[in-house]
Amino acid sequence: CSTAAGPAFEGARISAGMRATDGAIEKVIRKNGDFEYNVIGNTAPAGICGTALLDIVAELLRLGILDPSGRLLPPDELPATVPPAFRERVRLQETHADFLLVDAAASRTGEPIFLRQRDIRELQLAAAAIRSGITILLKHAGLALEQLDAVLLAGGFGNFIRRNNARRVGLLPPQIPSEKIRFVGNTSLLGAKAVLLSTDERKKAEQLA
């Protein structure tokens, strides 16, 4: 099954999005009452890649800064439980709120890095496409989620996403236990090597297809 998830996870159509190269924020966690992040190349951040996008949105949902519909709440609608450091990051625009990740002084570009409302909408579209594919594939196979032995995540993006965050934003069904989600690396490259080096593996691939 193939789904038209669009380029959101590669940083395209995300306001501060970029591929997973030097300068990309690739991981975001909550620590000491604020966000901390890892940057590829241990340099000043220049933008965010797909794994960090998932992390941020999942955490904003947990904090109540993002409502279940995907709307970033303005400062006057934030729950009283939102810690001060996160509250200060919410910036009101004319028609919506944005969330400040990195201020201008700390970024590599000299410009602030925001998660904007439209970025969340792009993630919702991508996640919805993938979930639609999962739902249709299960229906076609006559299977329930509970019958799956494992969910295998492949590729560079799949290898670095956090299981719980993928479940929290709806990219993967939350009913699937985290322990059933496994990372299997670059399977397309491994498969290409296998069929080049082994006639038995090539026959097996043809039979599977």
>> Could you go through Asp200 and Ser198, starting from their C-alpha distance and side-chain angles, then the distance that decides it, and tell me whether this counts as side chain to side chain donor-acceptor pair (under 3.5 Å)?
In response: CA-CA 5 Å; Asp200 287 341; Ser198 168; 4.9 Å; no
> For Thr21 and Ile40, what are the C-alpha separation, side-chain angles and deciding distance, and is it a side-chain contact (heavy atoms from CB on, under 4.5 Å)?
Replying inline: CA-CA 6 Å; Thr21 57; Ile40 298 173; 5.9 Å; no
Looking only at non-hydrogen atoms, find the nearest pair between [X] and [Y] and report the distance.
{"X": "Gly33", "Y": "Pro83", "result": "O-CB, 4.3 Å"}
{"X": "Asp22", "Y": "Met18", "result": "O-CE, 3.6 Å"}
{"X": "Arg118", "Y": "Ser15", "result": "NH2-CB, 3.6 Å"}
{"X": "Ser178", "Y": "Arg167", "result": "OG-NH1, 3.3 Å"}
{"X": "Pro74", "Y": "Leu92", "result": "CB-CD1, 3.7 Å"}
{"X": "Pro45", "Y": "Ile113", "result": "O-CD1, 3.7 Å"}

> Residues two or more places apart in sequence or in another chain: which of them pass ring pair (Phe, Tyr, Trp, His ring centres under 6.0 Å) with Phe99?
Replying inline: Phe35
Counting only heavy atoms not in [X], do more than 12 fall under 6.0 Å of its [atom1]?
{"X": "Arg19", "atom1": "CZ", "result": "no"}
{"X": "Asn42", "atom1": "CG", "result": "no"}
{"X": "Phe114", "atom1": "CZ", "result": "yes"}

Side-chain contact, heavy-atom cut-off 4.5 Å: [X] with [Y]?
{"X": "Arg182", "Y": "Val151", "value": "no"}
{"X": "Tyr37", "Y": "Glu26", "value": "no"}
{"X": "Lys193", "Y": "Leu196", "value": "no"}
{"X": "Leu172", "Y": "Ile134", "value": "yes"}
{"X": "Arg163", "Y": "Glu179", "value": "no"}
{"X": "Leu54", "Y": "Leu171", "value": "yes"}
{"X": "Thr43", "Y": "Arg108", "value": "yes"}
{"X": "Leu153", "Y": "Val184", "value": "no"}

Any carboxylate oxygen within less than 4.0 angstrom of a Lys/Arg side-chain nitrogen, looking at [X] and [Y]?
{"X": "Lys203", "Y": "Glu206", "result": "no"}
{"X": "Asp34", "Y": "Arg89", "result": "yes"}
{"X": "Asp149", "Y": "Lys180", "result": "no"}

[X], [Y]: one ILVMFWY side-chain cluster at the under-4.5 Å cut-off?
{"X": "Leu190", "Y": "Phe183", "answer": "no"}
{"X": "Leu66", "Y": "Leu100", "answer": "no"}
{"X": "Leu125", "Y": "Val57", "answer": "no"}
{"X": "Val28", "Y": "Leu63", "answer": "yes"}
{"X": "Ile161", "Y": "Leu148", "answer": "yes"}

> Partners of Asp103 by salt bridge (charged side-chain N to carboxylate O under 4.0 Å, His left out), sequence neighbours excluded?
Replying inline: none
Nearest 0.5 Å, what's the [atom1]-[atom2] distance between [X] and [Y]?
{"X": "Leu115", "Y": "Leu123", "atom1": "CG", "atom2": "CG", "answer": "9.0 Å"}
{"X": "Cys1", "Y": "Ile130", "atom1": "SG", "atom2": "CD1", "answer": "10.5 Å"}
{"X": "Leu60", "Y": "Arg30", "atom1": "CG", "atom2": "CZ", "answer": "9.0 Å"}
{"X": "Ile56", "Y": "Thr51", "atom1": "CD1", "atom2": "OG1", "answer": "9.0 Å"}
{"X": "Asp67", "Y": "Leu78", "atom1": "CG", "atom2": "CG", "answer": "11.0 Å"}
{"X": "Ile65", "Y": "Arg71", "atom1": "CD1", "atom2": "CZ", "answer": "13.5 Å"}

>> side chain to side chain donor-acceptor pair (under 3.5 Å) for Asn164 and Arg62? Distances and angles first, verdict last.
In response: CA-CA 12 Å; Asn164 284 337; Arg62 293 184 183 111; over 6 Å; no
>> Tell me whether Gln117 contacts the main-chain N or O of Leu72 through its side chain, where contact means a donor paired with an acceptor under 3.5 Å.
In response: yes
>> Closer than 3.5 angstrom, by distance alone: can the side chain of Glu88 be matched with the main-chain N or O of Ala85 as a donor-acceptor pair?
In response: no
>> Working note: Glu122 + Arg116, criterion side-chain contact (heavy atoms from CB on, under 4.5 Å); need CA distance, chi angles, decisive distance, verdict.
In response: CA-CA 10 Å; Glu122 288 291 333; Arg116 301 194 184 276; over 6 Å; no
> Going through the checks in order, is the side-chain contact (heavy atoms from CB on, under 4.5 Å) test met by Thr3 and Arg131?
Replying inline: CA-CA 9 Å; Thr3 61; Arg131 280 296 296 277; over 6 Å; no
>> What verdict does the side-chain contact (heavy atoms from CB on, under 4.5 Å) test give for Ile25 and Val102, after you've listed the backbone C-alpha separation in whole Å, the side-chain angles of each residue and the deciding distance to 0.1 Å?
In response: CA-CA 10 Å; Ile25 299 172; Val102 182; 3.9 Å; yes
